[in-house]
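Data first, discussion second: the structure below is written as C-alpha cells.
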Amino acid sequence: MRVKALMWSVLCQQRLPAQYRMGDVHGLVLGDSMDLAYQILTSTGGSKHDYFMLDGSFDHFYFLTNDHCGEVTLALLCDPAKTAELNRILAQGLIAADRGRATEHDAAEPDGTPVLFGYFCDLPRIVRFNTSLDLMGRPGTLLCFDFQAEALRRYCSERVRFQTIDFAKFERRLFP
C-alpha cells in the first residue's frame, strides 16, 4: 500500500501528472519461476503477516518470470497494439464479454461460459475469476501461456479449465 501511495504521489501528482492517473498505477513483480506466482497466490502473509500477500492494494498486479518469456511478456504488456492483436486472435469463436456479469472475464464461450485472458498473469484478476467461479458453482476457461499453466492449475479450483497458448508460436507471430 505504501508503494502505491508513493507511486501515486510522485508520478501522478508531482512528476508526470499529465501522463498518469491514479488508475494507471499497477503492480509488477519479477520472479525466477512460476512457483513464486503460486506462492504469492496462496500466501496469507505468514503468522505475523510480514510476508507478501495480495491484499487488494492493486487492481492489477502482474507476475512475470525473470527470463526470456518474461521479457517478451513485458514487451507485450507495453505494446497496446500487439496486445489488442493477441486478444483479437484469442477471441475468435468467442462472444463479447458481458460487463454486467459478476464474474471477471474477457469473453465468453458460445454457451456463456466465462473466459479470462490470463496470459499477463495478473494475479488479482486470476484470484477474482477463480473465486467467482467457486462462489457461483460455474465452470470457466483461463487462457494462459504454456509456461504459466502448471502453477496456475495448482492454484485454481477444478472449475477452471485451461487452454494454453504455445509461447514459441506466439512469439514467432507477434515478435518476429
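All figures in this text were calculated on a predicted structure; none of them were measured in a lab. All values below come from the heavy atoms of this structure, side chains included, with hydrogens, waters and symmetry mates left out.
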**Q.** side-chain contact (heavy atoms from CB on, under 4.5 Å) between Leu64 and Leu28, worked out
**A.** CA-CA 8 Å; Leu64 303 176; Leu28 174 70; 3.5 Å; yes

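- Salt-bridge formation is detected for the pair Glu109/Arg161: a Lys NZ or Arg NE/NH1/NH2 atom is positioned less than 4.0 Å from an Asp or Glu carboxylate oxygen.
- Across all non-hydrogen atoms, the minimal contact from Cys144 to Ala149 is SG-CA, 3.8 Å.
- When side chains are defined from C-beta on, Asp35 counts as touching Arg154, because their heavy atoms get closer than 4.5 Å.
- The line from CG of Leu152 to SG of Cys121 is 5.0 Å long, rounded to the nearest 0.5 Å.
- Nearest heavy-atom pair, Ala108 versus Arg101, reported as atom, atom and distance to 0.1 Å: CB-NH1, 4.3 Å.
- Under the rule for a ring-ring contact (aromatic ring centres under 6.0 Å, His included), the partners of Phe147 that lie at least two apart in sequence or sit in another chain are Phe145, Phe167.
- Between atom CZ of residue Phe120 and atom CD of residue Gln148 there is a gap of 10.0 Å, rounded to the nearest 0.5 Å.
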Q) Is there a side-chain contact (heavy atoms from CB on, under 4.5 Å) between Tyr119 and Leu90 once you walk through the steps? A) CA-CA 11 Å; Tyr119 56 83; Leu90 296 176; 3.7 Å; yes

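- Nearest heavy atom pair, residue Gly140 against residue Thr113, reads CA-CG2, 3.7 Å.
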N/O donor-acceptor pairs under 3.5 Å from side chains in residues 168-176, not counting sequence neighbours:
from: Glu171; atom 1: OE1; to: His68; atom 2: NE2; distance (Å): 3.3
from: Glu171; atom 1: OE2; to: His68; atom 2: NE2; distance (Å): 2.5

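- Here the side chain of Thr73 pairs a donor or acceptor atom with the backbone of Cys69 at under 3.5 angstrom.
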**Q.** Intermediate values then yes/no, side-chain contact (heavy atoms from CB on, under 4.5 Å), Phe63 and Leu36
**A.** CA-CA 9 Å; Phe63 180 86; Leu36 180 57; 3.8 Å; yes

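- One finds the CG atom of Leu116 at 9.5 Å from the NE2 atom of His105 (value rounded to the nearest 0.5 Å).
- Residue Arg128 holds its CZ atom at 12.5 Å from CG of Asn130, rounded to the nearest 0.5 Å.
- The two residues Cys156 and Ile126 have their closest heavy-atom pair at SG-CG2, 4.2 Å.
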Q. Could you walk me through whether Leu133 and Ser157 pass the side-chain contact (heavy atoms from CB on, under 4.5 Å) check?
A. CA-CA 9 Å; Leu133 294 177; Ser157 74; 5.5 Å; no

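- With values rounded to the nearest 0.5 angstrom, Leu77 atom CG is found 13.5 Å from Lys82 atom NZ.
- With a 6.0 Å radius and a threshold of 12 heavy atoms from other residues, nucleotides or ligands, Asp32 has its CG atom at or below the threshold.
- Between Glu85 and Arg88, at least one side-chain N (NZ, or NE/NH1/NH2) sits under 4.0 Å from a carboxylate O, which counts as a salt bridge.
- The two residues Phe117 and Asp106 come nearest to each other via the heavy atoms N-OD2, 2.7 Å.
- Using a 4.5 Å heavy-atom threshold, the side chains of Arg125 and His60 count as touching.
- Residues Leu143 and Val115 are in side-chain contact: their nearest non-hydrogen atoms beyond the backbone lie under 4.5 Å apart.
- At a threshold of 4.5 Å between non-hydrogen side-chain atoms, the residues Leu86 and Leu76 count as touching.
- Here CZ of Arg138 is found 10.5 Å from CZ of Arg159. Values are rounded to the nearest 0.5 Å.
- Closest approach of Ala151 and Tyr38 over heavy atoms only: O-CD1, 3.7 Å.
- Clustering ILVMFWY residues whenever any of their side-chain heavy atoms sit less than 4.5 angstrom apart, transitively, puts Leu30 in the very cluster that holds Tyr62.
- Residues Leu123 and Leu41 form a side-chain contact, since some pair of their non-hydrogen atoms from C-beta on lies under 4.5 Å apart.
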